[in-house]
A.B. asks: 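Structure in structure tokens, see below.
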Amino acid sequence: MEPGLIQRYRAFLPVTDRTPVISLGEGSTPLLRARALEAWLGCRAEVYLKVEGANPSGSFKDRGMTVALSKAVEDGARAVICASTGNTSASAAAYAAAAGCAAFVLVPQGKVALGKLSQAVAHGATVLEVQGNFDDALKLVKDVAATHPVALVNSINPYRIEGQKTGAFEVCDQLGDAPDLLSIPVGNAGNITAYWRGFQEYRAAARARRLPRLLGWQAEGAAPLVLGHPVKNPRTIASAIRIGNPASWQSAVAAAGESGGAIGAVSDAEILEAYAEIPRREGIFCEPASAAAVAGLRKFHREEGLPAGSRVVCVLTGHGLKDADRALSLAPRPAAVPCTLEAVAAALRLS
Ligand code: F0G
């Protein structure tokens, strides 16, 4: 059996021999060279995809959730709660099920991709659709956790960030060093915070020789970190990052700044273009929010130019099946054909 993250990176994580390990075998996700995307970008850098959709619940959230649930159980929690644009709730529900805990999930009504909702329900979480956005839901779960015996497992829970930093460790282990550049989507801003911490800790431990520049990407209609103020009604087709007031605001801005990188914005049109190209060119299907990392890199290359030979990693944060409706809505419906060889051959233009 592949060991989970707590086993692999125990020395870097806030666990002890007394911590019960709640794991679903997360981490160890592929890092793939993306030559066909390099051609699409028109760059001479080496571009790699970190395929986080390969985690057990289909997103990077599992890295944080294995630590958050393990610590919650160690601390005696019987129930966990989170607000979510979908992936956090899917992951929390899965790890809570594995831990034998109850899970309570608050999502923005009508704004969560169906695959994610189906996961939370299948794992037995109690799901509430809040008549508001993610930011409203986050405020509510903070209030609930402050007044009731329920452990909060959003990324304001420090154990989430601790677990998620292992994404940076793996990138370094897979490349043999930190990349020159890491491109990553930004929503509630926990993951960019976690990656920066991970790269710093790995270099301090002499497991990497350098630090990457971090490029974080928000959607234009939900870009508080770019605008410098919260966005009251965030809008984007990338529902996972439809967030107007990120919890890890300061640490994300600090991470991008200290690394010599930046947080920028990409339009929904740019996101959808990358979302279409990645699966066609590379055989990797990610959700729209994840495609923002590639859309952003394209924009960066156009505006500033990626140095030839530099190594760039795009973090594809979630699996495309999470939001299957989106892919189907962008493609023509499959043609219906009679059950004959002639009809099939004709429809495939083989005859
Ligand atoms: N990509 C995906 C697929 C996500 O689900 C999220 C966040 C992000 C990127 C952004 O990461 O919040 O650490 O900056 N999803 C959260 C959720 C908000 O509730 O599932 P972040």
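Sequence positions, counted from 1, serve as the residue numbers for this chain.
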A.B. asks: Are Phe199 and Ile184 connected in a single hydrophobic cluster, I mean Ile/Leu/Val/Met/Phe/Trp/Tyr linked by side-chain heavy atoms less than 4.5 Å apart?
C.D. replies: yes

A.B. asks: Quick check: closest heavy atoms across Ala247 and Asn188, and the distance to 0.1 Å?
C.D. replies: N-OD1, 2.9 Å

A.B. asks: Is there a donor-acceptor contact under 3.5 Å from the side chain of Ser59 to the main chain of Gly53?
C.D. replies: no

A.B. asks: What I want to check is whether the side chains of Ser183 and Trp217 have a donor and an acceptor closer together than 3.5 Å.
C.D. replies: yes

A.B. asks: Is there a side-chain contact between Leu306 and Leu297 in this structure, where contact means two heavy atoms from C-beta onward sitting under 4.5 Å apart?
C.D. replies: yes

A.B. asks: Distance only, no hydrogens: is a donor on one side chain within 3.5 Å (strictly under) of an acceptor on the other, for Glu270 and Ser267?
C.D. replies: yes

A.B. asks: So, do Arg160 and Val67 sit near enough that their side-chain heavy atoms are less than 4.5 Å apart?
C.D. replies: no

A.B. asks: Do Asp143 and Lys139 sit within salt-bridge range, that is, some charged N less than 4.0 Å from a carboxylate O?
C.D. replies: yes

A.B. asks: Is the backbone of Ala189 close enough, under 3.5 Å, to the side chain of Thr193 for a donor and an acceptor to pair up by distance?
C.D. replies: yes

A.B. asks: Of all heavy-atom pairs between Gly228 and Trp249, which one has the smallest distance, and what is that distance?
C.D. replies: C-CZ2, 3.8 Å

A.B. asks: Could you verify whether a donor N or O on one side chain and an acceptor N or O on the other, from Arg242 and Thr236, lie under 3.5 Å apart?
C.D. replies: no

A.B. asks: Which heavy atom of Pro212 sits nearest a heavy atom of Leu181, and at what distance?
C.D. replies: CB-N, 4.3 Å

A.B. asks: Looking at Lys71 and Glu162, is there a salt bridge between them, counting it only when a charged N and a carboxylate O are closer than 4.0 Å?
C.D. replies: no

A.B. asks: Look only at the side chain of Ser259 and the backbone of Leu214, and say whether a donor-acceptor pair between them is shorter than 3.5 Å.
C.D. replies: yes

A.B. asks: Going by distance alone, is a donor N or O of one side chain under 3.5 Å from an acceptor N or O of the other, for Tyr48 and Glu46?
C.D. replies: yes

A.B. asks: When the ring planes of Phe285 and His319 are compared, do they come out parallel, tilted or perpendicular, using 30° and 60° as the limits?
C.D. replies: perpendicular

A.B. asks: With a 4.5 Å limit on heavy-atom distance, are the side chains of Phe134 and Asn245 in contact?
C.D. replies: no

A.B. asks: For the pair Glu26 (side chain) and Pro56 (backbone), establish whether a donor and an acceptor sit closer than 3.5 Å, ignoring hydrogens and angles.
C.D. replies: no

A.B. asks: So do the side chains of Cys82 and Leu106 get within less than 4.5 Å of each other, counting heavy atoms only?
C.D. replies: no

A.B. asks: Quick check: is Val15 connected to Met65 through a chain of hydrophobic side chains (ILVMFWY, heavy atoms under 4.5 Å apart)?
C.D. replies: no

A.B. asks: Using 0.5 Å steps for rounding, measure from the CD atom of Gln200 to the CG atom of Leu211.
C.D. replies: 6.5 Å

A.B. asks: Assess, by modelled atom type and distance only, whether the side chains of Thr317 and Glu52 contain a donor and an acceptor separated by less than 3.5 Å.
C.D. replies: no

A.B. asks: Between Arg8 and Ser28, is there a side-chain donor-acceptor contact under 3.5 Å, judged purely by atom types and distance?
C.D. replies: yes

A.B. asks: Do Tyr275 side-chain atoms and Ser290 backbone N/O form a donor-acceptor pair below 3.5 Å?
C.D. replies: no

A.B. asks: Restricting to non-hydrogen atoms, name the atom on Ser89 and the atom on Ser84 that form the minimum distance, rounded to 0.1 Å.
C.D. replies: N-OG, 3.0 Å

A.B. asks: Of all heavy-atom pairs between Pro338 and Val344, which one has the smallest distance, and what is that distance?
C.D. replies: O-CG2, 4.4 Å

A.B. asks: Treating Ile, Leu, Val, Met, Phe, Trp and Tyr as nodes and any side-chain heavy-atom pair under 4.5 angstrom as an edge, say whether Trp40 and Leu316 lie in one connected cluster.
C.D. replies: yes

A.B. asks: Please indicate whether Gln131 has more than 12 foreign heavy atoms, meaning atoms of other residues, nucleotides or ligands, lying under 6.0 Å from its CD.
C.D. replies: no

A.B. asks: Check whether any side-chain heavy atom of Tyr9 lies under 4.5 Å from a side-chain heavy atom of Lys165, and answer yes or no.
C.D. replies: no

A.B. asks: Apply salt bridge (charged side-chain N to carboxylate O under 4.0 Å, His left out) to Lys116 and Glu287, showing your working.
C.D. replies: CA-CA 11 Å; Lys116 303 175 186 181; Glu287 61 176 287; 2.7 Å; yes

A.B. asks: Side chains of Gln119 and Asn87: any donor to acceptor distance under 3.5 Å?
C.D. replies: no

A.B. asks: For the residue pair Asn133 / Lys111, report whether a side-chain donor-acceptor contact shorter than 3.5 Å exists.
C.D. replies: no

A.B. asks: What residue among Arg33, Arg44, Arg311 forms salt bridge (Lys or Arg N to Asp or Glu O under 4.0 Å) with Glu38?
C.D. replies: Arg33

A.B. asks: I'd like to check Arg203 versus Asp177 (side-chain heavy atoms, cut-off strictly below 4.5 Å). Are they in contact?
C.D. replies: no

A.B. asks: Is a donor from one side chain sitting under 3.5 angstrom from an acceptor on the other, for Lys50 and Gln174?
C.D. replies: yes

A.B. asks: Treating Lys299 as the side-chain partner and Ala265 as the backbone partner, does any N or O pair qualify as donor plus acceptor under 3.5 Å?
C.D. replies: yes

A.B. asks: With clusters defined by side-chain heavy atoms of hydrophobic residues (ILVMFWY) lying less than 4.5 Å apart, directly or transitively, does Leu182 cluster with Trp196?
C.D. replies: yes

A.B. asks: Indicate if Ile6 and Tyr95 have the same hydrophobic cluster label, given that clusters are the connected sets of ILVMFWY residues with side-chain heavy-atom separations under 4.5 angstrom.
C.D. replies: no

A.B. asks: Can you tell me if CZ on Arg209 sees more than 12 non-hydrogen neighbours from other groups inside 6.0 Å?
C.D. replies: no

A.B. asks: Determine yes or no for a side-chain-to-main-chain donor-acceptor pair under 3.5 angstrom, with Asn154 supplying the side chain and Ile156 the backbone.
C.D. replies: no

A.B. asks: Under 3.5 Å, is there a donor-acceptor pair between the side chain of Ser251 and the main chain of Ser248?
C.D. replies: yes

A.B. asks: Picking from Val21, Leu5, Thr16, what satisfies side-chain contact (heavy atoms from CB on, under 4.5 Å) with Arg10?
C.D. replies: Val21

A.B. asks: Are the side chains of Leu272 and Ile237 in touch, meaning some heavy atoms are under 4.5 Å apart?
C.D. replies: yes

A.B. asks: Within the distance-only criterion (no hydrogens, no angle test), does the side chain of Asp62 pair as donor or acceptor with the backbone N or O of Ser57 below 3.5 angstrom?
C.D. replies: yes

A.B. asks: Tell me the closest heavy-atom pair linking Ala295 and Ala274, and the distance in Å.
C.D. replies: N-CB, 3.7 Å

A.B. asks: With a 4.5 Å limit on heavy-atom distance, are the side chains of Glu303 and Arg298 in contact?
C.D. replies: no

